[in-house]
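One structure is given below, encoded as structure tokens.
When reading the values below, keep in mind they use all heavy atoms of this one structure, side chains included, and skip hydrogens, waters and symmetry mates.
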2 protein chains.
Amino acid sequence: MSKCEQCIIKQFNSLKSLTKNELVRISSCKTSRFIKKGEVIFDEGEAVNGVYCIKDGICKLSKLSENGKDQIVKMVVKGQLLGQRSLISGESSNLQAVALNDMEVCFIPKSEIIADLQKNPKFSFDVLQDMANDLKEADDIIVNMAQKSVKQRLAETLIYIYESFGVNPDGTLSVLLSREDYANIVGTATESAIRVLSQFKKEGLISTVGKFIKIENINGLKRVE
Amino acid sequence: MSKCEQCIIKQFNSLKSLTKNELVRISSCKTSRFIKKGEVIFDEGEAVNGVYCIKDGICKLSKLSENGKDQIVKMVVKGQLLGQRSLISGESSNLQAVALNDMEVCFIPKSEIIADLQKNPKFSFDVLQDMANDLKEADDIIVNMAQKSVKQRLAETLIYIYESFGVNPDGTLSVLLSREDYANIVGTATESAIRVLSQFKKEGLISTVGKFIKIENINGLKRVE
DNA sequence: ACGAAATCATGACAAATATCATATTTATTA
DNA sequence: TAATAAATATGATATTTGTCATGATTTCGT
């Protein structure tokens, strides 16, 4: 099994602040795991006894609302950590995590991470900054949900995915989402999301290649009202 | 000026994890301040060079959206800390803070807090837990905004204020908000908020004493659709 | 106490979005 | 590969919410 000390993935998350010794210790107790597209990594209400370091792939974090609809709250991608929040608050997860494509992750047990949080202030501050950033993003989402139209939110989602996760060689968005996923990010009915995407297509703002979406006019998307 | 070591307010926030010595040091450089209702504590985009410990009163944290409407993201009350997030991320504030009634706060400069975060892991972990909790609440708000009706959101806001901030001797909600504030919490037009409150009143779910609101049937509010 | 300004309230209408129905296309699997 | 299921697409319509107009009430400063 590969070693954390030599893993380049950690450069992209708080684990980079761990010392060589800490990494060796974590490496010895971590477990590597492959996750298939659509597989549930952990469920809402489930105890998450550690943190996942994502080596490859992307997943969605969602919460089931009382009316039975799933709301996607965040997407977590290669290089990032998954399950930090629950670990720190010591509660079971408030969100469900589902793989959006095939993933490879390392699981680090809770006890190890907590030990490091309490001993290594640099690591702990790094996690704190991560969380502060998540909180800021969450605030922005709240404002968007509350104040913007479905059309605007969907346009911004497309731009967000484009800018954060990039494109395939043919220019289509590298993250492949169903129309239902788009609806669950934007917080609308699936039919509404489909309709808006159709409209964007008619207006030449996007094009589609099978299920893949390609942004054709990003400035147009930014001007959507 | 009163001393942090003896202040009972700190029992309610992360400052309780500081050592006696740390508190003495902080006490010597903190400044106490009175803030009038409606006063801006800090503005969106402004650098917040420290943390406020709220000794008395309550304030709202809001963000101006592009369409010119204010969205209230959180309320912070006596006992809690204000400005943590910006301090940790080292950025200027993403939110505006405005006093909802007369307040008394202590301001602790950034350098002092950062020093303690880096030296005292217990304190740092406490702040981390606080932030994790804020993040969980933010997730819940996102789901509510995305999936629930204005009526439901307003009902839940009333219940939240009732349960979190309590009532006056006559049973009215102790936090006095304008109809516009309610609209800005729920993310709707002021007229819509007014209309829904009028409806709740007609249905006997709430009553009003001047601008004050009294919850008459909390189970009814919980069942609103 | 008085007038100006803000806040609250309500009606009428417009716009956005949800829901239901029903094709059509695409994926899955027996 | 045929049969079946799932996802996408679109129309018709209902519901929710926003906007504009207007008046009543409350608050505030002098």
A/Q199 atom CD is separated from C/dT17 atom C1', nearest whole Å, by 13 Å
| task | State whether the number of non-hydrogen atoms from other residues, nucleotides or ligands found under 6.0 Å of A/Q6 atom CD is greater than 12. | result | yes
Here the distance between atom P of C/dT7 and atom CG of B/L176, to the nearest Å, is 12 Å
Looking only at C/dT19, D/dT19, D/dT8, the nucleotide nearest the A/A189 side chain is C/dT19
When rounded to whole Å, the CD to P distance for the pair B/Q152 and D/dT16 reads 11 Å
- Item | Modelled atom types, side-chain donor and acceptor of B/D43 and B/Q96, under 3.5 Å | yes
Point to revise | Pair A/S207-A/E216, side-chain donor/acceptor within less than 3.5 Å | key: yes
Computed from five pairs at either end and rounded to 10 degrees, the angle between the axes of the helix from C/dA1-D/dT30 to C/dA30-D/dT1 is 60°
Whole-Å distance, B/N67 CG to C/dA15 C1', equals 15 Å
A/F212 CZ to D/dT8 C1', in whole Å, measures 16 Å
Under 4.0 Å, counting only non-hydrogen atoms across every strand here, what does B/S149 touch: a base, just sugar-phosphate, or nothing?
sugar-phosphate
Taking for A/R153 and for A/E191 the nucleotide of DNA chain C with the nearest heavy atom, the one nearer the 5' end belongs to A/R153
Flag for B/Q199-B/E203: side-chain donor and acceptor within less than 3.5 Å
yes
- [ ] Assess the side chains of B/K201 and B/T208: does a donor N or O sit below 3.5 Å from an acceptor N or O?
- [x] yes
B/D181 atom CG is separated from C/dT7 atom P, nearest whole Å, by 9 Å
Comparing nearest nucleotides in DNA chain D, the 5'-proximal residue of the pair A/R179, B/T188 is A/R179
Go through the N and O atoms of the side chain of B/R195 and the base of D/dG18, and report whether any donor-acceptor pair is under 3.5 Å. no
Phosphate OP1/OP2 of C/dA18 contacted by A/S192 side-chain N/O (<4.0 Å): yes
When rounded to whole Å, the CD1 to P distance for the pair B/I194 and D/dA24 reads 16 Å
- prompt: Does the side chain of A/K55 come under 3.5 Å of the side chain of A/S2 through a donor N or O and an acceptor N or O?
  reply: yes
Comparing B/K211 with B/K151, nearest DNA chain D nucleotide closer to 5' gives the residue B/K151
When rounded to whole Å, the CD to C1' distance for the pair A/E225 and C/dT17 reads 18 Å
**OP:** Inspect the contact between A/D181 and A/K60 and indicate whether a charged nitrogen and a carboxylate oxygen are less than 4.0 angstrom apart.
**Re:** yes
Q.
Less than 4.0 angstrom between a side-chain N/O of A/T190 and OP1 or OP2 of D/dA7, yes or no?
A. no
